[in-house]
There are 2 protein chains.
Amino acid sequence: MASPPVSVGRPATIHDIAALCGVAPSTVSRALSTPDRVNVRTRERIQAAAVELNYTPNSQAKALSSGRTAAVGVLVPDITNPFYFDLIRGTQLQLKAAGYTQLLVDTEESDEVEASTLEQLRKSSDGVIVAASRLNDESLAAAAARMPMVTVNRDVDGVPAVIIDTPSAMTQALDHLISLGHISVAYIAGPVVSQSSARRWAALTQVAEDRGVQVRNLGPFAPKKQSGAAAADAAVHSGVTACIVFNDLIAIGMLQRLRERGIRVPEDMSIVGCDDIFGADFCNPPLTTLSSPIEQAGRVAVSMLLAQLNPLGGGGVRSRSVMPTHLTVRGSTTSAPGN
Amino acid sequence: MASPPVSVGRPATIHDIAALCGVAPSTVSRALSTPDRVNVRTRERIQAAAVELNYTPNSQAKALSSGRTAAVGVLVPDITNPFYFDLIRGTQLQLKAAGYTQLLVDTEESDEVEASTLEQLRKSSDGVIVAASRLNDESLAAAAARMPMVTVNRDVDGVPAVIIDTPSAMTQALDHLISLGHISVAYIAGPVVSQSSARRWAALTQVAEDRGVQVRNLGPFAPKKQSGAAAADAAVHSGVTACIVFNDLIAIGMLQRLRERGIRVPEDMSIVGCDDIFGADFCNPPLTTLSSPIEQAGRVAVSMLLAQLNPLGGGGVRSRSVMPTHLTVRGSTTSAPGN
DNA sequence: GTGAAAGCGCTAACAA
DNA sequence: TTGTTAGCGCTTTCAC
């Protein structure tokens with residue numbers, strides 16, 4: 001690589017290019033952003049000059065005058081929850097491909113942080129993707145009315161969403177347990193503000209009724225591995241022989257606790273998690289769980305958001321996208337105790 | 001909360017406030033950013049009006065005129081590597097506390113992506129934190145000369161850095177293995193472009209020489225769990241009885257492979273990882289590994305960067321910060337085979 | 001202590 | 001096709 005002939009001073013602007021080419025700055029602007037609206041020869045001169053001067057557009061200036069920031073906010077409640085890695089990677093890849101910058105924010109499971117972040121992002125981004133929002137429906141709908149938004153794992157009227165196919169998931173999980181002979185099952189609930197958790201419980205009770213088995217609700221528990229101990233104790237105390245757990249973080253914590261207490265999984269207690277996070281395949285014992293294409297969910301969310309931003313012809317804007325789920329069975333399989 | 005008396009139209013600007021208060025826009029600007037340069041009474045009127053109009057400064061405009069973006073880029077090679085969760089959370093918390101926005105980018109283990117990201121961030125951020133850079137020393141130093149930078153786990157002349165205390169880490173790991181009777185140890189190397197890996201190997205050979213034991217270098221391996229299978233096979237084939245592994249991701253992969261092959265850990269082979277990532281405590285068997293305060297490393301990196309940005313009085317700018325390490329021993333402990 | 005005015009770098013009418 | 005002219009919302013001299 002030849003050393004670039006850059007004047008080491010301040011970064012080049014369209015004015016520098018304009019001067020070098022003997023044209024007006026606006027022509028440079030056009031040549032660079034709408035090339036077909038400019039004479040081929042001048043365009044090429046300008047593009048060459050841009051390269052020579054090592055020009056990079058100033059995104060702030062662009063944003064200020066155009067009103068578009070080319071940035072998208074991505075809000076997750078807890079960045080240390082592995083569930084969000086794949087989601088984040090999905091959004092990041094898709095956003096980058098579309099020329100957008102991702103502004104990732106960890107809202108720390110707090111509705112206040114989430115609300116203030118959204119307010120701030122209203123000006124500094126073109127739209128947001130909100131995963132597992134902790135806001136109530138009203139606040140979320142209000143925020144969505146003020147800025148382009150796509151939610152993930154959260155269904156609110158009028159807000160485009162990517163969600164997991166919960167009914168199918170719960171059906172697969174419960175049927176699996178039933179096939180092992182379980183008739184008394186607990187649902188280990190997540191945070192009360194988690195719509196995912198509520199949806200899972202609702203779906204589960206429905207299937208349970210249909211199948212004629214007992215399910216009981218235990219919790220709520222924070223979506224952390226540490227919560228697993230309390231959850232495990234509660235499950236054991238309740239006398240159930242199997243648990244469907246809000247997420248794998250809690251489920252893995254339960255596995256650890258049960259092992260400490262000498263309760264064997266799955267011989268004495270069956271556990272089914274949700275999400276198939278990093279770790280679910282190598283914990284001890286390996287965790288049976290509900291898997292979904294999360295990275296793809298991230299990409300879909302981005303596509304839906306960009307469709308809102310650039311409503312060019314073709315199909316309308318999808319308002320709801322349901323990701324498939326399947327049960328991943330791991331470890332040894334045993335009948336329910338007493339069978 | 002009373003419903004805000006906001007005109008639902010476009011967001012308020014300092015002009016709106018100025019009009020409402022009968023002062024000049026510049027006075028509003030001063031009242032809001034340098035309050036002491038404004039008469040107490042006008043200041044209070046202005047601040048009240050700002051609240052009433054639900055004013056939020058436009059960060060783009062601020063950036064354009066002031067040259068400061070109040071944003072900091074954070075680059076990691078692979079966002080799905082749990083090692084970076086804690087780091088990212090550390091940077092995020094500290095940045096938010098200081099009023100900065102975090103721009104997180106996954107550089108996908110690619111030096112090109114990293115370089116172009118840095119170039120782009122030069123204009124759109126006030127500085128960057130680069131974790132485990134895949135750039136060569138020259139490029140990285142050049143980039144650091146163009147913009148405020150702090151590296152994590154990467155030591156380059158003239159670039160402020162937060163690093164792990166590698167010599168101590170390797171000493172602890174090797175001494176632990178020696179105390180179990182091992183005399184033939186392999187180092188499972190990470191990517192060739194990883195300075196961390198090189199540093200660990202260098203430190204390890206030094207300690208090994210001092211202690212009079214054999215260490216051999218196996219690899220390189222990609223820092224992914226999938227690489228663990230090849231690494232495990234290589235280790236077994238090499239005849240060593242213990243491995244010190246570049247990172248926990250690979251180490252966990254090795255655990256899985258060894259278990260498949262019926263090779264017991266630690267009875268037949270001892271494994272020591274690095275990083276103590278999510279999963280190291282609940283994998284099977286639990287992983288003995290080297291732990292460091294990674295979230296704190298993130299916070300320290302931010303502090304060092306902000307010190308560069310606001311070189312106000314007090315101490316000078318720290319150019320190097322070394323995080324402590326300790327060995328976390330997990331699982332059963334057994335003597336080396338043959339002892 | 002406050003106002004007027006000149007930009008920051010770019011886009012977007014509107015003319016030419 | 002290209003140039004001219006206004007701004008986008010804010011900071012920052014420089015006067016008053």
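Here is the naming used below: chain letters follow the sequence lines, and residue numbers restart at 1 for every chain. The structure displayed is predicted, hence computed values, not measured ones.
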(request) With sequence neighbours left out, write down each residue that passes side chain to side chain contact (heavy atoms under 4.5 Å, CB included) with A/Pro293, or none if nothing qualifies. (result) A/Gln296, A/Met323, A/Pro324
(message) Using 0.5 Å steps for rounding, measure from the CD1 atom of A/Ile79 to the OG1 atom of A/Thr107.
(response) 10.0 Å
(request) State which residues pass side-chain hydrogen bond (donor to acceptor under 3.5 Å, both in side chains) with A/Lys96; sequence neighbours excluded, sorted by chain then number. (result) B/Glu108
(message) Among residues 34-46 of chain A, which ones have heavy-atom contacts with DNA chain C below 4.0 Å?
(response) none
(request) Could you tell me which residues satisfy side-chain hydrogen bond (donor to acceptor under 3.5 Å, both in side chains) with A/Arg68, sequence neighbours excluded, listed by chain and number? (result) A/Asn310
(request) Return the minimal non-hydrogen interatomic distance between B/Pro77 and B/Ala131, and the atom names on each side. (result) CD-O, 3.5 Å
(message) I need the minimum non-hydrogen distance between B/Ser133 and B/Leu140, along with the two atoms involved.
(response) OG-CD1, 3.6 Å
(message) I'd like the 5' and 3' limits of the part of DNA chain C contacted by chain B, with heavy-atom contacts below 4.0 Å.
(response) C/dG1 to C/dG9
(message) Could you work out, with side chain to side chain contact (heavy atoms under 4.5 Å, CB included) as the rule, every residue matching A/Ser110, not counting sequence neighbours?
(response) A/Glu112, A/Val113
(message) B/Asn58: which residues meet the side-chain hydrogen bond (donor to acceptor under 3.5 Å, both in side chains) condition with it, sequence neighbours left out?
(response) none
(request) Summarise protein proximity over nucleotides 9-16 of chain D in one line of letters, 5' to 3': B for base, S for sugar-phosphate only, - for none, counting protein heavy atoms closer than 4.0 Å. (result) BBBBB---
(message) Test: side-chain hydrogen bond (donor to acceptor under 3.5 Å, both in side chains). Region: residues 82-92 of chain B. Which pairs qualify, not counting sequence neighbours?
(response) A/Asp78-B/Arg89, A/Asp106-B/Arg89, B/Thr91-B/Gln102
(message) Suppose we screen for side-chain hydrogen bond (donor to acceptor under 3.5 Å, both in side chains). Which residues come up paired with A/Thr69, at least two apart in sequence or across chains?
(response) A/Asp126
(request) Considering non-hydrogen atoms only, spot the tightest contact between B/Leu306 and B/Ala98 and give its length. (result) CD1-CB, 3.4 Å
(message) By the side-chain hydrogen bond (donor to acceptor under 3.5 Å, both in side chains) test, which pairs, at least two apart or in different chains, include something from residues 26-47 of chain B?
(response) none
(request) Compute the bend angle of the helix from C/dG1-D/dC16 to C/dA16-D/dT1 from the end axes (five pairs per end), rounded to 10°. (result) 40°
